[in-house]
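Everything on this sheet refers to the single structure shown next.
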2 protein chains.
Amino acid sequence: MDGAVTAPAGFTAAGVAAGIKKNGNADVAVIAAETPCAAAGVFTINKAKAAPVLLSMAHLEASGGRAQAVIVNAGCANACTGEQGSADAREMAALTASILGCEQEEVLVASTGVIGVSLPMTNVRAGIEHALSARTPSGGGDAGLAIMTTDPFPKSQAVECVLADGRTFRVGGIAKGSGMIEPRMATMLAFLTTDVEIEPDLLRRALVQAVDRTFNVITVDGECSTNDCAIVMASGASGTRIADADLDDFAMALAHVSGAMARDIVRGGEGATKLVEITVSGAATEGDAWLAARTVANSPLVKTAIHGGDPNWGRIVAAAGRSGAAFEIERVSVAIGGVHVFERGVPHDERAGAAAEIFRQKEIAIVIDLGLGDAAATMWTCDFSAEYVRINGEYRT
Amino acid sequence: MDGAVTAPAGFTAAGVAAGIKKNGNADVAVIAAETPCAAAGVFTINKAKAAPVLLSMAHLEASGGRAQAVIVNAGCANACTGEQGSADAREMAALTASILGCEQEEVLVASTGVIGVSLPMTNVRAGIEHALSARTPSGGGDAGLAIMTTDPFPKSQAVECVLADGRTFRVGGIAKGSGMIEPRMATMLAFLTTDVEIEPDLLRRALVQAVDRTFNVITVDGECSTNDCAIVMASGASGTRIADADLDDFAMALAHVSGAMARDIVRGGEGATKLVEITVSGAATEGDAWLAARTVANSPLVKTAIHGGDPNWGRIVAAAGRSGAAFEIERVSVAIGGVHVFERGVPHDERAGAAAEIFRQKEIAIVIDLGLGDAAATMWTCDFSAEYVRINGEYRT
């Protein structure tokens with residue numbers, strides 16, 4: 001369904017251009033509820049957390065999990081910006097709160113873009129005032145455009161869910177990638193809204209469940225950012241109350257919206273041309289399964305082979321072998337889109353032609369069976385192209 | 001000095017073309033002593049060890065650290081090749097041993113090239129016979145050419161050393177890169193020779209010392225290979241005996257030769273245009289220093305920024321912040337070739353111009369001071385270019 005973060009009842013949003021991005025595109029977004037409501041967030045585990053990340057964490061703590069708005073800018077990450085950066089993030093929250101008439105602690109802040117440069121606050125202030133006055137109940141799509149950096153397309157989703165007892169609610173979201181993506185506990189930037197009524201604690205539990213199986217299992221380049229965050233606000237406007245018993249259903253709805261956007265982040269990864277699902281099965285432990293899946297998903301040699309359409313499965317085995325996971329080569333099998341190129345230690349290079357056909361497709365599934373146990377893990381990744389190098393060699397210039 | 005592995009007395013070597021490489025270049029190398037002599041090796045920690053790696057480890061164990069020859073092929077790694085691969089590696093050793101008149105266990109085997117494809121044994125057999133008959137006391141350079149894969153240039157070194165008491169000896173070496181390089185306990189392929197007289201145990205200790213500070217601190221793409229090995233043979237032909245007291249001097253000589261070749265491997269990394277030294281100082285522990293140095297040295301965003309000449313130091317801080325090392329951003333400083341772009345948490349973006357000058361050079365030193373303790377670590381890495389993607393997207397095709 002249309003509407004992104006404004007599909008659920010009780011939210012307005014806008015995205016406007018304030019001159020922070022050099023190309024003149026929209027770069028300030030706001031998502032606001034009518035009154036302070038339940039909110040939760042998960043944030044980057046990078047220890048070089050950006051000023052807005054630290055501020056939003058502090059605000060959620062101070063407000064006991066309530067917020068009325070998220071104010072976001074793209075084009076400058078406000079990371080590694082010292083005390084000035086902290087003051088700038090605080091000013092963004094204060095200005096938004098004064099216009100909305102809520103407490104500063106009820107405004108969350110997010111920034112994305114170049115690290116190490118201070119925010120152009122004259123532009124930011126004007127952008128915040130403009131965005132807040134431009135809010136509409138159908139502005140979710142505009143907000144999604146304004147949070148983009150190198151993203152080739154915006155990411156948004158919305159669903160209407162019906163619980164077993166017939167009650168309904170909606171979940172909407174916007175997200176952005178598209179480099180420095182290996183979230184682990186959050187994603188680059190994702191904002192979710194819902195119109196359920198829910199306690200902040202329960203909302204947080206649902207968010208963590210949803211993020212763990214969606215944003216936390218994607219990678220573009222193995223780089224966990226300084227600014228990653230996923231934030232959800234619940235307006236209560238649908239009248240549907242989520243109790244403990246409904247938590248799994250609600251988390252599933254959040255995961256549905258998050259998962260679609262997470263896959264879109266990978267599809268729109270910097271320079272990406274293919275979406276690749278890496279599954280490690282038969283691992284001795286769950287930790288081993290994740291270790292091997294993450295290592296294969298981030299291997300530059302695997303990702304360049306996929307880009308080149310070369311089913312060079314030896315690199316997949318080599319990456320799993322160096323991952324640190326328990327590994328006995330004579331038990332290992334690899335299948336590329338169902339083509340078994342390596343079976344319990346024996347190569348089938350005569351099947352390379354069939355595997356090459358699979359590698360020419362836009363979506364590729366690779367399964368590595370370690371043959372040692374029952375644990376499994378699935379990561380989504382993309383191929384690695386010369387375009388990634390071009391984008392990131394020229395990002396600031 | 002000239003001569004590579006044949007610079008030390010007591011060795012012959014050759015490199016010949018046997019048709020294993022598709023381009024017709026030399027692809028079989030041999031390095032042989034006149035009789036079995038002290039030998040040692042360090043091998044990849046990848047659990048998907050190639051057949052020749054497993055065989056060489058077993059042979060050194062069986063012979064008590066003695067070998068007469070190393071036989072090497074390029075163009076096919078004989079990795080992930082099942083029982084056939086093990087039989088092929090054994091046959092390479094047996095054929096070499098029968099021609100030299102030594103025991104099979106006194107021949108070490110190494111292979112490099114595509115993973116997952118079986119050796120073309122008809123070519124390999126003819127190549128071994130040809131190489132053994134073509135050996136000369138000045139063939140070290142030819143051997144160095146024959147072990148290359150995607151290397152843009154061969155790597156070899158030789159030195160003559162004089163101990164404090166006036167005794168002399170030589171060390172020589174050949175090595176190859178140039179992708180799948182983050183050795184950890186060995187390198188892609190390196191072969192060292194020396195004419196000292198030394199016990200196998202002592203030789204092994206010296207090799208481990210030398211490798212730990214040279215081949216083990218380089219990375220091109222973070223990929224630890226299935227075939228990494230560094231092997232040394234000591235002919236004793238100089239008459240210089242290395243006792244316990246001489247060990248550090250001897251290890252230093254090995255490290256001199258290994259270090260020069262290790263830096264050349266990085267300079268000649270796939271698609272590399274720059275050599276970058278990453279030093280992390282002020283770490284809380286040595287483990288933290290290595291963790292942060294390795295993470296920065298392998299960060300695709302740092303490496304693409306270096307390639308593009310963009311002193312985007314925020315990415316350096318972000319990589320250190322996600323490395324897992326203890327990290328407090330207000331204590332962190334970053335200097336690029338002496339230009340302090342970030343000092344104890346405060347950015348100096350006005351120095352970006354000076355840093356950009358440094359980034360235009362061929363050799364770049366980056367120091368990240370974590371400001372937490374006394375531990376330090378230095379890694380050598382290269383930039384990340386579109387050429388790396390091209391090479392590895394097309395490697396087999």
Side-chain angles (χ1 to χ4, degrees), chain A residues 44-49 77 79-83 114-118 179-180 221-226 299-301 304-305 307-310 312-315 317-322 325 327-330 332 341-342 345-347 349 384-397, chain B residues 44-49 77 79-83 114-118 179-180 221-226 299-301 304-305 307-310 312-315 317-322 326-330 332 341-342 345-347 349 384-397:
Chain A
T44 183
I45 57 166
N46 194 314
K47 289 172 186 163
K49 288 179 178 61
C80 302
T81 42
E83 189 41 53
V114 180
I115 298 174
V117 177
S118 293
M180 209 177 261
D221 54 9
E223 302 269 20
C224 170
S225 148
T226 50
S299 159
L301 289 173
T304 50
H307 182 68
D310 175 8
N312 194 334
W313 55 267
R315 294 179 179 175
V317 177
R322 74 171 166 85
F327 185 97
E328 296 172 24
I329 195 160
E330 63 280 6
V332 176
V341 287
F342 190 60
V346 179
D349 213 50
F384 207 163
S385 70
E387 185 64 7
Y388 177 91
V389 177
R390 193 194 61 74
I391 292 168
N392 286 300
E394 296 174 4
Y395 184 43
R396 300 205 313 180
T397 50
Chain B
T44 183
I45 57 167
N46 194 313
K47 289 173 187 163
K49 289 179 178 60
C80 303
T81 42
E83 189 42 52
V114 181
I115 298 173
V117 177
S118 293
M180 208 176 262
D221 54 9
E223 302 270 19
C224 170
S225 148
T226 50
S299 159
L301 288 173
T304 49
H307 182 68
D310 175 7
N312 194 333
W313 56 266
R315 294 179 179 176
V317 178
R322 74 171 165 86
F327 184 97
E328 296 172 23
I329 195 160
E330 64 279 6
V332 175
V341 288
F342 190 61
V346 179
D349 213 49
F384 207 164
S385 70
E387 185 65 7
Y388 177 90
V389 177
R390 194 195 60 73
I391 291 168
N392 287 300
E394 296 174 2
Y395 185 43
R396 300 206 312 181
T397 52

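Small disclaimer: the values here were computed from a predicted structure and weren't measured. Proteins get letters first, then strands, A, B, ... in listed order; numbering begins at 1 in each.
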Requested in this report: Show the numbers, then the answer: is there a side-chain contact (heavy atoms from CB on, under 4.5 Å) between A:Thr304 and A:Arg315?
Outcome: CA-CA 10 Å; A:Thr304 50; A:Arg315 294 179 179 175; 3.7 Å; yes
**Report entry** Leading residue by heavy atom contact count with chain B [cutoff under 4.5 Å; candidates A:Ala79, A:Gly222, A:Ser225]
**Finding:** A:Gly222
Report task. Give, as side chain, backbone, both or neither, the part of A:Phe384 having an atom under 4.5 angstrom from any heavy atom of chain B. Result -> both
**Report entry** Heavy-atom proximity to chain B below 4.5 Å, by part of A:Glu330
**Finding:** neither
Report summary line: A:Val117 and A:Val114 have their tightest heavy-atom pair at CG2-CG1, 3.9 Å
Query raised in the report: By a 4.5 Å heavy-atom criterion (distance strictly below it), what part of A:Ala320 contacts chain B: side chain, backbone, both, or neither?
Result: neither
Query - Value rounded to 0.5 Å, distance of CZ in A:Phe342 from CH2 in A:Trp313 - result: 5.0 Å
Query - Residue, of A:Ser385, A:Gly314, A:Pro300, A:Ala319, that accumulates the most heavy atom pairs under 4.5 Å with chain B - result: A:Pro300
Query raised in the report: B:Gly345, B:Gly179, B:Cys224: which one forms the most heavy-atom pairs within less than 4.5 Å of chain A?
Result: B:Cys224
Report summary line: Under 4.5 Å to a heavy atom of chain A? For B:Ala77 that would be neither
Report summary line: Shortest non-hydrogen pair, A:Lys49 vs A:Thr44, comes out as CE-O, 3.1 Å
Query - Non-neighbouring partners of B:Ala318 that pass side-chain contact (heavy atoms from CB on, under 4.5 Å), sequence neighbours left out - result: A:Asn46, A:Ile115, A:Met180, A:Thr226
Requested in this report: Quick one: pull up OG1 in B:Thr81 and CD1 in A:Ile329 and give me the separation to the nearest 0.5 Å.
Outcome: 8.0 Å
